[in-house]
Amino acid sequence: MRAFLKIISIIFTICILVGIYAHADEGNKIRIGMSAAFSGPSRDLGYELYNGMNAYFEHVNGSGGINGNRIELIAFDDGYDPIPAINNTLSLIDDERVFLLVGYVGTPTVTRVLPLLKLFENRDIYLFFPFTGAEPQRKPPYDEFVFNLRPSYEQETAGLVQKFTQAGRSKIAVFYQADAYGRSGWDGVRKELGKHGLKIVGEATYKRGEEFSSSFDKQVEIIKRSNPDAVISIGAYEASAGFIRDAREGGLNVPIANVSFVGSESMLDLLLQEGERKGKDFTLELINSEVVPNFLDDSIPAVRQYKEIMSRYTSKTPPTLIYEDDQNHFPDGSKEEFGFIGFEGFLNAKLLTEVLRRLGDQPDKSKIAQTVKSISGYDIGIGEKVSFEPEDNQGLSTVYFNTVKNGRFVPIKDWSKFKK
Amino acid sequence: MEMTVIDENESFTHVALSGRVDINSIGDWDQKFTELLTQRHKPAIVDLSGVEYMSSIGLRMLISAAKPLSGQNAGMVLLNPKPNIEEVLRKAAFHRIMPIEHDFEKAVQMTKAPLENIS
């Protein structure tokens, strides 16, 4: 009997050790998984977020890792398409056996992945800091599986509506992507206008995947008929830039605002190039809401750290993610060295590193949620402190507003220029 | 697991899966399944009535075939899964991408319907 108990005890010990080994990952690596757009008309979003995150992880690994463990970021391309996002997620969980998921890009993709997190809840699969401000991952039944750093689209659109109405612009139209992302932003505008006793005066949609070369004349015509004081655009950078181009060409010259998902620098690049071709300024009356401070503001400690670490960043986007027609984008790992999305990725990685540090040298998936919830008043270097609450899975709440000046996005300090 | 081709007509491919669909049994069936469905460029009816158990590898097999089919503007209908399998499929929200049906004639009608934009 004693021998039997001893064998049972040994087996039990082995099981525990195997369990710990599985949690800490082989070879002192913490493997984390990302699915994002690295192809198609939204590919800049994936590349920029990836490089911002990976630069910080490279810095951490170069400094000895986290409690002796190195971080390995495994990224798969979903092309901003829900079906590959589901497939990638199953592959990251089953084949790559990642410790957690991070940096997913897009509302239509993330909302399709959320049910998988719920399905596998006994396996403690958590998604960190998706690049979307949509509501589904902020509400039951999925909020307990997702941690957001960025504010929501409701907060971004509410801020824009408040600023516009304060500037005497109460007739607001919406141009949006015809999917879960666009509807999420549209709903945010509708709700905030409702608080002011107002309604959306006009709306037009486009199909996800439209390129800059597409014509948006029909949408411009529809919105022009509503005679708006301002337009809020809930789109991706190629379509949003195309809409702005056609709006200005079509005589719709009211302020046009975009939310953070648009990919501000990529949108601006397209408009600047178009302006050069046509000898016209397409960057007038533009407002972009952002969920991180302006990356040009070197008075912010995290901005200085971001630029310093990016300047030493040597990792390239994984070769499997570089496509033939991408040569002009990422021969050196990044089209633009700095940007809002890259900075957001950097902050995501910085906070995730703190979570992993608090999990100790043998990180255990089952302790992830309680560890994140232990973060309160954490200084990430942008002024606003990061806190998670038992019933709140979002770390930051401040929305920033920028406009274009001399070909760059700069913070709006005075809204009087946008007064009607 | 096993896969049986029931019908390959002008309008759709009808195939049945059976047994346990998991890592131990899948072998190269996932590749064969995707090849069969996508090479024909036709909508598919996948009879799941004989499937006893489906792990995440089975979900991947279905979604892997759904993507190229959607690119061909051809849908996939899942026919007659057992309650335990249907519960997994619905929890994973797969029914929003590939409808679940228990009546063969209705499944045939569904293959004729245009694909909804997946958002």
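Note that this is a predicted model, so its numbers are computed, not measured. Throughout, a chain's letter reflects where its sequence line sits, starting with A, and its residues are numbered from 1. Values below: all heavy atoms of this structure, side chains included; hydrogens, waters and symmetry mates excluded.
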From the list A/Pro84, A/Ser91, A/Gly182, the residue making the most non-hydrogen contacts under 4.5 Å with chain B is A/Ser91
>> Please report whether the ring centroid of A/Phe243 lies less than 6.0 Å from that of A/Tyr206.
In response: no
### Query
When the aromatic ring centroids of A/Phe129 and A/Phe147 are compared, is their separation below 6.0 Å?
no
Looking only at B/Ala92, B/Ala93, B/Ser55, most heavy-atom pairs under 4.5 Å shared with chain A are made by B/Ala92
Assert top hit (heavy-atom pairs under 4.5 Å, partner chain A, pool B/Arg60, B/Lys91, B/Lys67, B/Arg90) equals B/Arg60
request  = Look at the rings of A/Trp186 and A/Tyr176 and say which category their plane angle falls in: under 30° parallel, 30 to 60° tilted, over 60° perpendicular.
outcome  = tilted
Of A/Leu116, A/Asn87, A/Thr89, the largest count of non-hydrogen pairs under 4.5 angstrom with chain B goes to A/Asn87
A/Asn393 side chain to A/Gln137 backbone, donor-acceptor under 3.5 Å:
yes
### Message
Using only atom types and a distance under 3.5 Å, with no angle test, would you say the side chain of A/Glu72 pairs donor to acceptor with the backbone of A/Ile32?
### Response
no
Turns out that what part of B/Ile23 lies under 4.5 Å from chain A's heavy atoms comes down to neither
